[in-house]
Amino acid sequence: MENTMEKIVALCKRRGFIFQSSEIYGGLNGFWDYGPLGVELKRNVKDAWWKDMITHHDEFETPPGAPQSFSMVGLDCSIIMHPQVWKCSGHYDLFHDFMVDCKECKARFRADHVGSSECPLKPSKHPGEHDKCQLTPPREFNLMFKTYIGALSGEEGAAFMRPETAQGMFVNFKNVCDTQRVRVPFGIAQAGKSFRNEITPRNFTFRSREFEQMEMEFFCHPSQSFAWYQYWRDRRYNWYVNLGLNSTRLRLRDHAQDELSHYSVGTADIEYAFPFLDQGDFGELEGVAHRGDFDLRSHSEGKLVRDAAGHLTPELGPDGKPKYPGSGKDLSYFDDQTRERFLPHVIEPAAGADRATLAFLCEAYTEDEQPDDSGAMQQRVLLKLHPRLAPLKAAVFPLVKKGGMPEFALELYREIKRAGIPCVYDQQAAIGKRYRRQDEIGTPFCITVDGQTIDDRTVTWRDRDTLEQRRLPADRIVEEIVNRLKT
RNA sequence: GCGGGUGUAGCUCAGAGGUAGAGCACCACGUUGCCAACGUGGUCGUCGUGGGUUCAAUUCCCAUCACCCGCUCCA
């Protein structure tokens, strides 16, 4: 089914979910715009996340599987931060490579790894050692977007647009502790744009250069950190399942030891088998990482590296001082109950909002066959989106444009809108076509006003997935929609 | 960054060196009483963009941009 993805991309464009950025100018590789329906869908994804993380969190109750109760707070940091943030986080070095291409064998090597890389041309060992090798000079690859602060764009004003939202939460750890009366364990959550100069943006919105993240940093006592890691890993996986990714296309995968980042002591990915991937391949939706005390230490002492004994210590420059000095601020936490001072460990569930949105779209895309008015089977395209995620929750139709039906339907439509529920009114074309139009954009409920409505104020409630029809009093429609949105 | 493919109406696509077509969609009117209805009428394109060859280019050539596939990359 390699063209399933093409159909989804075409549907996204045709119905106004996702457009290519700057399309009238020929498009821009790696950038995408969300249309009128897409913005609703993606906002619903982010809202679901924010509400489940922050708004609906009960800090007095211990959730199932959690070691204890805890607090959650939100944050919204600037996209451009002090350049030192990225030096201490490790992004500056790791995202900033010099690469060498060989024009003969079409291979690319990191400039600092040429001596240890293998040249495809035998019998030479390393790139550049064979007579045929044609290496380009080292070229700079900046994986972070560089920008300039101030109207005079000199190098002294150079800065970067954040490649992740996480650092804003580490940098504000002390501010949150000092102002919010929170106690460890607690989490800080943030959703927002991030930017990475991906070498190969591809696969629709999956790998974009501008994208949105939903990240949370959970600060806990080191002795409890592994229990919290397991809690968040399972809880985040179930979040996707409960919102509709409940097929075998979703999986939770623990990283192997050699796959772990330089700072991580445990990481699990929540992955989805996107239709654009090969059979058996999965793409990352969210990474849940046990980051230890790497981040708070780095922003305090300076950028850390692992020494010969395997311990994290500040990386030193030629002068014997930290290569990238930290803030020098004490970011430890004092527990006034246990009289203990410690540097909290961090569990980080970091999700891609665009990737989640795309996964929900892919999972929802369904083709089935339903009989038309003459009983012949016709193909139907529908998005089986969870009602919480659907851009529109309901559509109201008059069965035909006469007999007072449009007036009644319009009034019902307005009542639904006044309740704050995204809804459309449509009296165009035949009733069957209107149902199908809504199916294609994932509207879960259609309400039809007919002749009987005028007599007894009941309407037809039609379900997107089952096509089932029920008769309900018009006055109970808003209540019914609200109830269905809670499940 | 490399190699291959693609780019024509909102969508799916046809087309030929002589200045563009179909189906669907969309809009109007009428009809239509629950799952992509019917009739009549109507709107839509600088043929991805820029340049070249030619009397004439959407068609041939070059470049460029975007998308797809493969390689490379992916803290």
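Chain A is the first sequence line, chain B the second, and so forth, proteins listed ahead of strands; every chain is numbered from 1.
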*Asks:* Checking contacts here: which listed nucleotide (B:G33, B:A37, B:G1) is nearest the side-chain heavy atoms of A:Thr200?
*Replies:*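 Comparing B:G33, B:A37, B:G1 against the side chain of A:Thr200, the answer is B:G1.
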*Asks:* Quick one: label A:Gly30 by what it contacts on the DNA or RNA (base, sugar-phosphate, nothing), any heavy atom closer than 4.0 Å.
*Replies:*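 Answer is sugar-phosphate: A:Gly30 comes under 4.0 Å of backbone atoms only.
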*Asks:* Across all strands, who's sitting opposite B:A14 as a Watson-Crick or G-U wobble pair, both distances under 3.5 Å?
*Replies:*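 No nucleotide pairs with B:A14.
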*Asks:* Ignoring hydrogens and angles, does a donor from either the side chain of A:Arg207 or the base of B:C74 sit under 3.5 Å from an acceptor on the other?
*Replies:*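 Indeed there is one.
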*Asks:* Any donor-acceptor pair under 3.5 Å linking the side-chain atoms of A:Ser298 with those of A:Asp295?
*Replies:*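 No - no donor-acceptor pair under 3.5 Å links their side chains.
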*Asks:* Will you find, in the side chains of A:His290 and A:Thr267, an N or O donor that is under 3.5 Å from an N or O acceptor?
*Replies:*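 Distance-only check fails for A:His290 and A:Thr267.
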*Asks:* When you compare B:U32 with B:G23, how far apart are their C1' atoms, in angstrom units rounded to a whole number?
*Replies:*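 Each nucleotide's C1' atom is 24 Å from the other's.
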*Asks:* Could you check which of B:A36, B:G70, B:G33 has an atom nearest any side-chain atom of A:Val381?
*Replies:*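 Minimum distance to the A:Val381 side chain belongs to B:A36.
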*Asks:* Does any nucleotide pair with B:C29 by Watson-Crick or G-U wobble geometry, both distances under 3.5 Å, and what is it?
*Replies:*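 Result: B:G39.
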*Asks:* Please report, rounded to the nearest Å, how far the C1' atom of B:C71 is from the CG atom of A:Asp278.
*Replies:*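 Taking atom C1' of B:C71 as the reference, CG of A:Asp278 is at 13 Å.
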*Asks:* Expressed as a whole number of Å, how far does the C1' atom of B:U6 sit from that of B:C13?
*Replies:*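 Result for the C1' pair: 13 Å, nearest Å.
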*Asks:* Report which part of the nucleic acid A:Asp463 touches: base, sugar-phosphate, or nothing (heavy-atom distance under 4.0 Å, all strands).
*Replies:*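 The residue A:Asp463 makes no contact with any strand.
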*Asks:* How far, in whole Å, is B:U49 from B:A66 if one measures between their C1' atoms?
*Replies:*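 The answer is 10 Å between these two C1' atoms.
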*Asks:* Can you tell which of B:G33, B:G10, B:C35 lies closest to the side chain of A:Met405?
*Replies:*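 Of B:G33, B:G10, B:C35, B:G33 is nearest to the side chain of A:Met405.
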*Asks:* Angle class for the A:Phe145/A:Phe195 ring planes (parallel below 30°, perpendicular above 60°, tilted otherwise)?
*Replies:*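 Perpendicular, since the angle between the ring planes exceeds 60°.
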*Asks:* Rounded to the nearest Å, what distance is computed from the CZ atom of residue A:Arg462 to the C1' atom of nucleotide B:A36?
*Replies:*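 Going from A:Arg462 (CZ) to B:A36 (C1'), I get 11 Å.
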*Asks:* Between A:Asn29 and B:C67, is there a contact of a side-chain N or O with OP1 or OP2 at under 4.0 Å?
*Replies:*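 Affirmative; the distance criterion is met.
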*Asks:* Name the residue closer to the 5' end of RNA chain B, choosing between A:Glu23 and A:Phe276 according to the nucleotide with the nearest heavy atom.
*Replies:*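 Whichever sits nearer the 5' end wins; that is A:Glu23.
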*Asks:* Using both distances under 3.5 Å as the test, list the Watson-Crick or G-U wobble partner of B:A20, or none.
*Replies:*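 Partner of B:A20: none found under 3.5 Å.
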*Asks:* Between B:C27 and A:Gln428, counting only base atoms on the nucleotide and side-chain atoms on the residue, is there a donor-acceptor pair under 3.5 Å?
*Replies:*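 In this structure, the two groups form no donor-acceptor pair.
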*Asks:* Mind calculating the distance between CD (A:Gln427) and P (B:C26) to the nearest angstrom?
*Replies:*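 Those two atoms, CD and P, are 14 Å apart.
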*Asks:* Could you check how far CZ of A:Phe19 sits from P of B:C67, rounded to whole Å?
*Replies:*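 Rounded to the whole Å, the gap is 16 Å.
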*Asks:* Could you check if a side-chain atom of A:Tyr435 sits within less than 4.5 angstrom of a side-chain atom of A:Leu382, using non-hydrogen atoms only?
*Replies:*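 They are not in contact (no side-chain heavy atoms under 4.5 Å apart), so the answer is no.
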*Asks:* In Watson-Crick or G-U wobble terms, both distances under 3.5 Å, what is the partner of B:G50?
*Replies:*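 Looking at the geometry, B:G50 pairs with B:C62.
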*Asks:* Suppose you measure atom C1' in B:G48 against the same atom in B:C73; what distance do you get, rounded to whole Å?
*Replies:*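 Looking at atom C1' only, B:G48 and B:C73 are 28 Å apart.
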*Asks:* With both distances under 3.5 Å as the test, what is the Watson-Crick or G-U wobble partner of B:C71?
*Replies:*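 Checking every strand shown, B:C71 finds its partner in B:G1, with both distances under 3.5 Å.
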*Asks:* Does A:Lys401 place a side-chain N or O at less than 4.0 Å from the phosphate oxygens OP1/OP2 of B:U31?
*Replies:*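 No, A:Lys401 has no side-chain N/O under 4.0 Å of OP1/OP2 on B:U31.
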*Asks:* Would you please confirm or rule out a distance under 4.0 Å between OP1 or OP2 of B:A66 and any side-chain N or O of A:Arg202?
*Replies:*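 False: A:Arg202 side-chain N/O out of range (4.0 Å or more) of B:A66 OP1/OP2.
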*Asks:* Pick the P atom in B:A16 and in B:G30, then give their distance to the nearest Å.
*Replies:*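 About 44 Å, rounded to a whole number of Å.
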*Asks:* Pick the closest RNA chain B nucleotide for A:Trp32 and for A:Gln469 by heavy atoms, then say which residue is nearer the 5' end.
*Replies:*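 Counting from the 5' end, the first nearest nucleotide belongs to A:Gln469.
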*Asks:* What does A:Pro163 touch in the nucleic acid at a heavy-atom separation under 4.0 angstrom: a base, only the sugar-phosphate, or nothing?
*Replies:*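 Touches nothing.
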*Asks:* For nucleotides B:A25 and B:C38, find the distance between their P atoms and express it as a whole number of Å.
*Replies:*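 Result for the P pair: 8 Å, nearest Å.
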*Asks:* Under the criterion side chain to side chain donor-acceptor pair (under 3.5 Å), I'd like the reasoning laid out for A:Glu164 against A:Ser194: C-alpha separation, chi angles, the key distance, then a yes or no.
*Replies:* CA-CA 5 Å; A:Glu164 62 172 32; A:Ser194 292; over 6 Å; no
*Asks:* OP1, OP2 of B:C35 versus side-chain N and O of A:Lys433: anything below 4.0 Å?
*Replies:*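 So the side-chain polar atoms of A:Lys433 never come under 4.0 Å of the phosphate oxygens OP1 or OP2 of B:C35.
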*Asks:* How many whole angstroms separate atom CD of A:Glu440 from atom C1' of B:C11?
*Replies:*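 One finds 10 Å between C1' of B:C11 and CD of A:Glu440, rounded.
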*Asks:* Classify A:Glu198 by what it touches in the nucleic acid, base, sugar-phosphate, or nothing, heavy-atom distance under 4.0 Å.
*Replies:*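 A:Glu198: no heavy atom of the nucleic acid under 4.0 Å.
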*Asks:* For B:C34 and B:U12, measure between their C1' atoms and round to the nearest Å.
*Replies:*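 Comparing C1' positions in B:C34 and B:U12 gives a spacing of 29 Å.
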*Asks:* Starting from C1' on B:C67, measure out to CD1 on A:Ile8 and report it in whole angstrom.
*Replies:*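 Result: 16 Å.
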*Asks:* Where is the tightest heavy-atom contact between A:Tyr365 and A:Thr4, given as atom of each residue plus distance?
*Replies:*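 In this case the closest contact between A:Tyr365 and A:Thr4 is CD2-CG2, 4.3 Å.
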*Asks:* Would you say A:Tyr240 and A:Glu286 make side-chain contact, with heavy atoms under 4.5 Å?
*Replies:*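 Counting from C-beta outward, A:Tyr240 and A:Glu286 do come under 4.5 Å.
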*Asks:* Output yes when at least one side-chain N/O atom of A:Lys402 is less than 4.0 Å from OP1 or OP2 of B:G30, else no.
*Replies:*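 Checking A:Lys402 against B:G30: no side-chain N or O falls below 4.0 Å of OP1 or OP2.
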*Asks:* NA contact type, A:Phe206, heavy-atom cut-off 4.0 Å: base, sugar-phosphate, or nothing?
*Replies:*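 The answer is nothing, as A:Phe206 stays clear of every strand by at least 4.0 Å.
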*Asks:* Could you give the distance separating B:G51 and B:C29 at their P atoms, to the nearest angstrom?
*Replies:*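 Per the computed distance, 45 Å lies between those P atoms.
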*Asks:* Grab the CG-C1' distance between A:Leu28 and B:U64 for me, whole Å please.
*Replies:*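 Value for this atom pair: 14 Å.
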*Asks:* Starting at CZ of A:Arg437 and ending at P of B:C34, how long is that distance when rounded to a whole Å?
*Replies:*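 My rounded result for the distance is 18 Å.
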*Asks:* Can you tell me the pairing partner of B:G45 across any strand shown, Watson-Crick or G-U wobble, with both distances under 3.5 angstrom?
*Replies:*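 With both distances under 3.5 Å required, B:G45 matches none.
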*Asks:* Keeping the roles fixed (side chain from A:Arg434, backbone from A:Ala429), state whether a donor-acceptor pair exists under 3.5 Å.
*Replies:*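 Yes; at least one donor-acceptor contact below 3.5 Å.
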